[in-house]
Enquirer: 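First, the structure itself, so that you have it in front of you.
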Amino acid sequence: MTLRILFDEIRLGVKDACTRLGYSETEFDISEASRPEFGDVSCNIGFLLAKALKKRPFDIAQTLAEEYKKNSTKYVSKVSAHNSGYLNFVANYPLLIPEVVKSSLHADYGKVNLGKNSKMVVEHTSVNPNKALHVGHVRNIIIGDTISRILHKASYDVSVLNYVDDSGLQVADIIVGFKYGGYSDKTPEGQKFDHYCGDIVYVSITERYETDKHLVELRSDVLKELEEGTSEIAKFGDDITRRVLDEQLKTCWRLGATYDCLNFESQIVRSNLWAVAFEKMKSMGITTLENEGKNMGCWVIKAESEEDKVLVRSNGTATYVAKDIPYAAWKLGILEDPFHYKHYTVQKTGRVLWQTVLDDKETKLNFRGDTVITVIDSRQSRLQKIITKIMSDFKSKPDSYIHLGYESVTLSPDTAKTLDLDTGGKSVQMSGRKGLYVSADYVLDVLSSRTFEEAKKRNQELDEISLVKISEQVAIGALRYTMIKQDLDKIITFDLTESLSLEGDTGPYIQYAYARAMRIVEKAGRDPIFEANLDEMQTVYEKDLVKVIGKFDLQVEDAAKNLSPKVIAKYCYQLAVSFNTFYEHVKVLTAESESLINARLCLVYSFKETLGKALDLLGIDAPSRM
RNA sequence: GGGCCUGUAGCUCAGCUUGGACAGAGUGCUGGACUUCUAAUCCAGUGGUCAAGGGAUCGAAGCCCUUCGGGCCCGCCA
């Protein structure tokens, strides 16, 4: 069982007491007590009934406390009214402790049945395949990957998609660079191909557009050829794109993210999906042909209180938003699926990665969902709002298409300075085109070597291979945690120096708590006996740890319902704090009695199992040493 | 001009969805704890007119309104 049962019991008990006292039915809150001296659980019903009953909240709480005691309770050991008016409850720990500890050992501890196995699609990453990933992309990847892990834990059947815009302007840019700009398409010695394309080719060709207008014209031609997909240039483009994509995916995998399917824009363009979606919009009256004004000859979408949005230009071509509509409709299963699916690779976790193809000899699979979450930064909110509206019209059901937006990652003044940019003390938006960014690989490498030094200092007997493994796990833990612990609508100012901090509210702090627990379990040299009596654990440190362990599923539910990955980050931190406090104040292996040693060992075991599962939702490895 | 987001301790942020008990962390600074299950830890101290003003409420950091500061978006570009 978990704390949920305790909450439910109290809710029911209070309700019964109200009924018996003849109080009118009221929606009241059962919540964790804000301070330990108030007990474990609090109820605000006194305040809510005060007006109707014309009594002080405290008097009501007191009457209810007396009434509550009349019925037998299982998980509550004490009920009392507080001066403030709250009704407070103390948990029955001798019962709670063993039940929480035992539940936490189950493989699917923390699982909640929110999704009831309904199909959910999460799309994230979706970086133009012409450059290496930078820390801004990392935020997208981590949010998307974490949310898909959480939704899976909440019993959704999740498919993860990565949209590859292989026929867009940014790809055209580097193709121009290779074909007409004099850049070799050979990967330079000691460099990843994605870095070479982004750092050198993309940035310098963009610069040259300023002075060489002929290159700009060539780009338009290349773009057209990429969309048509038949020419020599298009084949060359396809080859380049896939080389970059392969390198990008290595970084994603390094970060711990995996996917189910790669969706190529070029295939959506060639699949006729757009024509089908366009006809549907026309017949539903979603888009109209403008006969006058500045948008004359265009198909537009009318929006309340905002400018009309052009979908189809007067020359008949589709705009950027328009291209997203058939894909969104495809994801929701609204349009017939024109794709077949080809094996791309098997990822490290064993998860198979597929790719869309238009070759009907390949397999037919289903990567679509009843609900679709698209992770895109909030600068795209306006366009995403349009898509959301069209999808709810298509589905005649709101909320099936969800844009999960997040604020951008900017560079701190100090970090900008390392890129030779003086921002005058302000943080600055990253820009791939201007070459103003910090790459994900670079951050991970720096972090990894920093954590390697730390790990080596502490574990001199460990060999190089183990140390490298630990430092990589810790580096990724550190990066993933900073990207997820903050609310989605807060800007993250990335500072290279600060990102190396491994103390306090960080990923490594949490991982360290896990490693400490593992050491105790190892050194104990025996398995805990969970059937034994655990009553001897009576300190606040033990009780608090049990309480935190016991609310894992409530946190998963909260995170999934609100699509808020930080909830799990905060929970992991809380678990770690609770354990470290316990660790510093009570002894496990040298406790007073054999039975107490066993009891605490059970608790430590329960903690590390729970933290391991919670960290897994964040995609952070739990190292047994560090 | 319109739309979205944001303003809480020196700094970075929780808390706001669902109003209630002295507003919490981390970091910084000051001091303390390693012959002990790993000090990437713990303990204590320091630090806040919750941007400002108004409103409804018995009660507001939270709800409503106004104002001010900061960021982003508003192309027949992608």
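Just so it is clear: chains get the letters A, B, ... in the order the sequence lines come, proteins before strands, and each one is counted from 1.
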Enquirer: Quote, to the nearest angstrom, the P distance that separates B:rU66 from B:rG10.
Expert: 30 Å

Enquirer: For the C1' atoms, the ones on B:rC34 and on B:rC43, what distance do you get once it is rounded to whole angstrom?
Expert: 14 Å

Enquirer: Given A:Phe47 and A:Tyr86, is the ring-ring contact (aromatic ring centres under 6.0 Å, His included) satisfied, shown in steps?
Expert: CA-CA 8 Å; A:Phe47 301 107; A:Tyr86 272 103; 5.1 Å; yes

Enquirer: Any strand is fair game: report the nucleotide pairing with B:rU46 by Watson-Crick or G-U wobble, both distances under 3.5 Å, or none.
Expert: B:rG28

Enquirer: Tell me the interatomic distance from A:Ile301, atom CD1, to B:rG75, atom C1', rounded to whole angstroms.
Expert: 16 Å

Enquirer: Taking atom P of B:rA78 as reference, at what distance in whole Å does atom CG of A:Asp166 sit?
Expert: 16 Å

Enquirer: Ignoring hydrogens and geometry beyond distance, is the side chain of A:Ser314 in donor-acceptor contact with the base of B:rC76 at under 3.5 Å?
Expert: yes

Enquirer: Less than 5.5 Å between centroids and less than 30° between ring planes, does A:Tyr86 satisfy that with B:rA21?
Expert: yes

Enquirer: Send over the distance from A:Asp505 CG to B:rG26 P, rounded to a whole Å.
Expert: 8 Å

Enquirer: Using a distance-only criterion (donor-acceptor N/O pair, under 3.5 Å, no hydrogens), is the base of B:rA78 paired with the side chain of A:Thr319?
Expert: no

Enquirer: Does B:rG53 have a Watson-Crick or wobble mate here (both distances under 3.5 Å), and if so which one?
Expert: B:rC65

Enquirer: Is a donor-acceptor contact shorter than 3.5 angstrom present between the side chain of A:Asn88 and the base of B:rA21?
Expert: yes

Enquirer: Counting distance alone, no hydrogens or angles: does the base of B:rC72 have a donor or acceptor under 3.5 Å from a partner atom on the side chain of A:Gln380?
Expert: no

Enquirer: Which value, in whole Å, describes the distance between the C1' atoms of nucleotides B:rU12 and B:rG7?
Expert: 14 Å

Enquirer: Assign A:Ala524 to base, sugar-phosphate, or nothing according to its heavy-atom contacts below 4.0 angstrom with the strands shown.
Expert: nothing

Enquirer: Tell me if a side-chain donor or acceptor on A:Thr415 pairs with a main-chain N or O of A:Leu496 at a distance below 3.5 Å.
Expert: yes

Enquirer: Which is true for A:Gln429 with a 4.0 Å heavy-atom rule: it touches a base, it touches only sugar-phosphate, or it touches nothing?
Expert: sugar-phosphate

Enquirer: Taking OP1 and OP2 of B:rC5, is either one under 4.0 Å from a side-chain nitrogen or oxygen of A:Lys490?
Expert: no

Enquirer: Which is true for A:Met518 with a 4.0 Å heavy-atom rule: it touches a base, it touches only sugar-phosphate, or it touches nothing?
Expert: nothing

Enquirer: Which word best sums up how the rings of A:His585 and A:Tyr541 line up, parallel for under 30°, tilted for 30 to 60°, or perpendicular for over 60°?
Expert: parallel

Enquirer: If I take atom CD1 in residue A:Ile376 and atom P in nucleotide B:rA78, what distance separates them, rounded to the nearest angstrom?
Expert: 16 Å

Enquirer: Between B:rU27 and B:rC22, how many Å separate the two C1' atoms, rounded to a whole number?
Expert: 24 Å

Enquirer: Who is the Watson-Crick or G-U wobble partner of B:rA9, with both distances under 3.5 Å?
Expert: none

Enquirer: Between the base of B:rC22 and the side chain of A:Arg35, is there a donor-acceptor distance below 3.5 Å?
Expert: yes

Enquirer: B:rC37 pairs with which nucleotide, Watson-Crick or G-U wobble, both distances below 3.5 Å?
Expert: none

Enquirer: Just checking A:Phe47: base, sugar-phosphate only, or nothing, at a heavy-atom cut-off of under 4.0 Å?
Expert: base

Enquirer: For A:Lys523, report the nucleic acid contact type (base, sugar-phosphate, nothing); a contact means any heavy atom under 4.0 Å.
Expert: sugar-phosphate

Enquirer: If you measure from the C1' atom in B:rG70 to the same atom in B:rA51, how many Å do you get, rounded?
Expert: 11 Å

Enquirer: Could you check which nucleotide pairs with B:rC58 in any of the strands shown, counting Watson-Crick or G-U wobble with both distances under 3.5 Å?
Expert: B:rG20

Enquirer: Taking any heavy-atom pair under 4.0 Å as a contact, classify A:Asn580: base, sugar-phosphate, or nothing.
Expert: sugar-phosphate

